[in-house]
Chemist: 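Attaching a single structure in structure tokens format; questions to follow.
Heavy atoms only: backbone and side chains are in, while hydrogens, waters and symmetry mates are out. Letters A, B, ... are given to chains in the order of the sequence lines, protein chains preceding strands, and every chain is numbered from 1.
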Protein chains: 2
Amino acid sequence: MDPSQIKIPPMKDLNIDNITENTITINSQSSDLRVTYLMERLVTHLHDFARETRLSTNEWMAALNFLVRVGQISTDVRHEFILLSDVLGLSLLVDAIDHPKPASSTDGSVLGPFHSHEAEHITQGASMASDPGGEPCIVICTVKDVSGNPIPDVKIDIWETDSTGHYDVQYNDRDGPDGRCVMTSDKEGAFWFKAIVPVPYPIPHDGPVGQLLKLLSRHPWRPAHMHFMFEKPGWDHLITALFLKGDPYETSDAVFGVKQSLITSFVPATMEVAEKYGVKEGSKVLVHEFVLVSEKETEELRDQNALAAMKKLGRKVKLLDHLPVPDVD
Amino acid sequence: MDPSQIKIPPMKDLNIDNITENTITINSQSSDLRVTYLMERLVTHLHDFARETRLSTNEWMAALNFLVRVGQISTDVRHEFILLSDVLGLSLLVDAIDHPKPASSTDGSVLGPFHSHEAEHITQGASMASDPGGEPCIVICTVKDVSGNPIPDVKIDIWETDSTGHYDVQYNDRDGPDGRCVMTSDKEGAFWFKAIVPVPYPIPHDGPVGQLLKLLSRHPWRPAHMHFMFEKPGWDHLITALFLKGDPYETSDAVFGVKQSLITSFVPATMEVAEKYGVKEGSKVLVHEFVLVSEKETEELRDQNALAAMKKLGRKVKLLDHLPVPDVD
């Protein structure tokens with residue numbers, strides 16, 4: 001770079017008290033106001049963290065080496081940084097910020113690191129899990145709007161572990177997707193499928209995130225659940241899960257995903273249900289109604305929350321593509 | 001884990017407003033008070049960052065994918081997380097916190113990602129750089145205490161780039177250390193060696209950190225410098241560097257390392273110096289005196305600074321191994 005093109009004020013002799021403002025200055029040369037704002041807050045919090053803890057060189061180096069290990073254990077099918085974000089409560093928080101829910105809609109939950117894009121599309125009533133060790137069940141759902149009208153043609157991703165608590169992608173020798181599928185809601189907003197009853201399982205704890213949990217005397221368990229993701233243009237993207245009532249880890253989920261409204265129970269199939277869905281009377285059935293919110297309503301709620309939070313923070317901001325940037329006018 | 005052993009209060013229905021306190025609670029089960037305090041501040045700042053920016057799911061995912069790339073490009077000889085810490089001003093800050101300096105001592109600077117442990121020990125007057133493209137020079141130093149007494153037997157690590165601005169470890173086909181050495185100060189606290197005149201160079205910007213700098217419209221250049229690291233039991237570990245006066249990047253160092261007190265100049269060897277060190281009259285010479293602080297004095301200053309910072313923060317703390325932990329008595 002041609003040194004004569006340097007546009008920042010001269011900086012030298014940086015110390016505990018002036019490093020933050022100078023880092024923010026040097027990071028403020030982009031024309032992207034959102035990037036500038038994100039970096040300003042990031043550097044402020046990162047530096048305040050070091051100042052407030054009097055972070056030592058040894059601790060700093062241990063943390064950087066930990067982060068290298070988190071990156072290096074990650075693969076196409078294992079995202080250890082998502083897992084880290086999950087156990088730090090950040091994933092739940094970001095979902096709550098980005099997908100605010102009106103009272104009448106289905107709550108969101110964490111995506112987790114095990115969603116994949118290779119699931120096969122299945123038709124109504126087909127099975128999405130082949131594990132013979134799992135307890136068979138059927139899951140009967142509808143997707144509606146907040147007024148109770150069915151929403152057809154929603155793309156639904158569904159995924160769960162096998163009976164040993166492992167997702168398909170956790171097996172090196174797997175020969176295709178299993179325990180996962182993609183479905184489409186019909187004219188009545190309905191979709192149903194065969195699956196296995198979910199079981200509690202520990203998140204992968206053989207890597208750096210597991211070491212962190214151990215250091216913190218935390219257990220790695222998640223209560224039994226089944227993941228659902230809903231997508232349709234015009235509707236807010238919904239990532240959620242259903243949890244089973246009475247699970248021993250219901251109130252200590254390692255990734256903070258449980259909402260009371262998402263806890264449900266299997267019931268034995270009545271004769272009527274058994275006949276309609278072609279299963280044995282008394283076999284396990286889970287029935288659930290999901291409620292989506294329009295993209296417009298979510299955006300309005302998100303904007304409203306953002307402006308309220310910024311006001312509380314005392315920042316003069318404007319929204320750019322629905323995200324806060326400093327209002328420098 | 002046996003669910004009956006769970007000791008945290010039940011947590012469910014976590015949202016924007018209560019996720020932080022609950023994450024802190026679940027992270028507070030360790031008997032290591034320092035770990036508990038570090039995690040409390042980390043989670044608080046991480047969550048506040050997300051709330052204050054209204055971090056979107058897309059931005060969060062982009063950041064996590066960026067961090068995976070930072071981990072995955074790292075090797076034994078390239079620590080991209082140190083580089084990231086450097087360009088965010090964190091490395092300078094941590095060094096300033098951990099190694100506070102009395103006015104009369106040598107200032108610290110950033111370690112950078114290119115120190116290695118494979119440098120060879122050389123004797124007084126030997127050469128530490130073999131690059132024929134570099135401009136030869138000699139560097140004549142002393143190590144003293146704050147009262148001006150020489151400190152013998154100090155282990156000194158010295159490292160610099162070659163004339164193209166690359167460290168030895170940046171070459172895949174290198175056949176051993178070059179541009180780096182370890183020396184020991186003699187009875188008079190003196191050490192001197194042959195080297196090449198340092199040149200400005202860009203930090204490695206072919207990876208994720210380079211992409212970040214580009215996004216921020218920042219240049220990756222460091223002004224010409226030579227790294228020094230001093231170790232001796234009883235003395236505070238000093239990581240520093242000498243910079244050359246008049247460098248075009250003197251006031252815009254990409255990693256914030258320049259201190260006025262560390263800027264120096266080469267001078268032509270006088271006849272006397274030329275005779276004493278066996279070089280040609282007029283050849284380039286750099287003379288510098290380094291001043292170390294005792295471990296005890298540094299510890300006292302560090303404790304004092306820590307207590308003052310905690311008082312300002314309004315925290316009731318005690319120091320455990322010289323690091324703050326909440327005082328819960």
Chemist: At a heavy-atom separation under 4.5 Å, does A:His237 approach chain B through its side chain, its backbone, both, or neither?
Modeler: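 The answer is neither part of A:His237.
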Chemist: Determine whether B:Arg54 and A:Ile97 make a side-chain contact, defined as any pair of heavy atoms from C-beta on separated by less than 4.5 Å.
Modeler: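 Of all side-chain heavy-atom pairs linking A:Ile97 with B:Arg54, at least one is under 4.5 Å.
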Chemist: Heavy-atom cut-off 4.5 Å, strictly under: side chain, backbone, both or neither for B:Leu323 against chain A?
Modeler: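 For B:Leu323, the contact with chain A is made by the side chain alone.
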Chemist: Side chain, backbone, both or neither: which part of B:Ile19 has a heavy atom under 4.5 Å from chain A?
Modeler: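 B:Ile19 touches chain A through side-chain heavy atoms alone.
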Chemist: With a 4.5 angstrom heavy-atom cut-off, which part of B:His79 approaches chain A: side chain, backbone, both or neither?
Modeler: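 Only the side chain of B:His79 comes within 4.5 Å of chain A.
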Chemist: Sort B:Pro9 into side chain, backbone, both or neither according to what part of it lies under 4.5 angstrom from a heavy atom of chain A.
Modeler: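 Just its backbone gets close to chain A.
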Chemist: A:Glu52 and salt bridge (Lys or Arg N to Asp or Glu O under 4.0 Å): which partner among B:Arg315, B:Lys312, B:Arg41?
Modeler: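 Of the listed options, the one satisfying the test is B:Arg41.
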Chemist: Checking B:Ser85 against chain A: side chain, backbone, both or neither under 4.5 Å from a heavy atom?
Modeler: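 Contact with chain A: side chain only.
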Chemist: Is there any salt bridge (charged side-chain N to carboxylate O under 4.0 Å, His left out) pair reaching into residues 58-67 of chain B, and which pairs are they, with sequence neighbours excluded?
Modeler: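 Only A:Arg34-B:Glu59 qualify under salt bridge (charged side-chain N to carboxylate O under 4.0 Å, His left out).
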Chemist: Check each atom of B:Asp32 against the heavy atoms of chain A and say whether the ones under 4.5 Å are side chain, backbone, both or neither.
Modeler: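 Answer is neither: B:Asp32 stays 4.5 Å or more from chain A.
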Chemist: Fit a plane to each ring of A:Phe49 and B:His45, take the angle between them on a 0 to 90° scale, and name the class: parallel (under 30°), tilted (30 to 60°) or perpendicular (over 60°).
Modeler: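 Rings of A:Phe49 and B:His45: perpendicular, as their planes differ by over 60°.
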Chemist: Heavy-atom distance under 4.5 Å to chain A: side chain of B:Leu92, backbone, both or neither?
Modeler: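 Looking at B:Leu92, just its side chain touches chain A.
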Chemist: Considering only heavy atoms from C-beta outward, does the side chain of B:Ser30 approach that of A:Leu215 to under 4.5 Å?
Modeler: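 A side-chain contact under 4.5 Å is absent here.
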Chemist: Counting only non-hydrogen atoms closer than 4.5 Å, does B:Met310 touch chain A with its backbone (N, CA, C, O), its side chain (CB onward), both, or neither?
Modeler: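 Just the side chain, heavy atoms under 4.5 Å.
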Chemist: Heavy atoms, side chains only, cut-off 4.5 Å: are B:Leu93 and A:Ile16 in contact?
Modeler: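 The answer is yes; the side chains approach within 4.5 Å.
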Chemist: Select one option (side chain, backbone, both, neither) describing which atoms of B:Ile8 are under 4.5 Å from chain A's heavy atoms.
Modeler: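 For B:Ile8, the side chain is the part near chain A, not the backbone.
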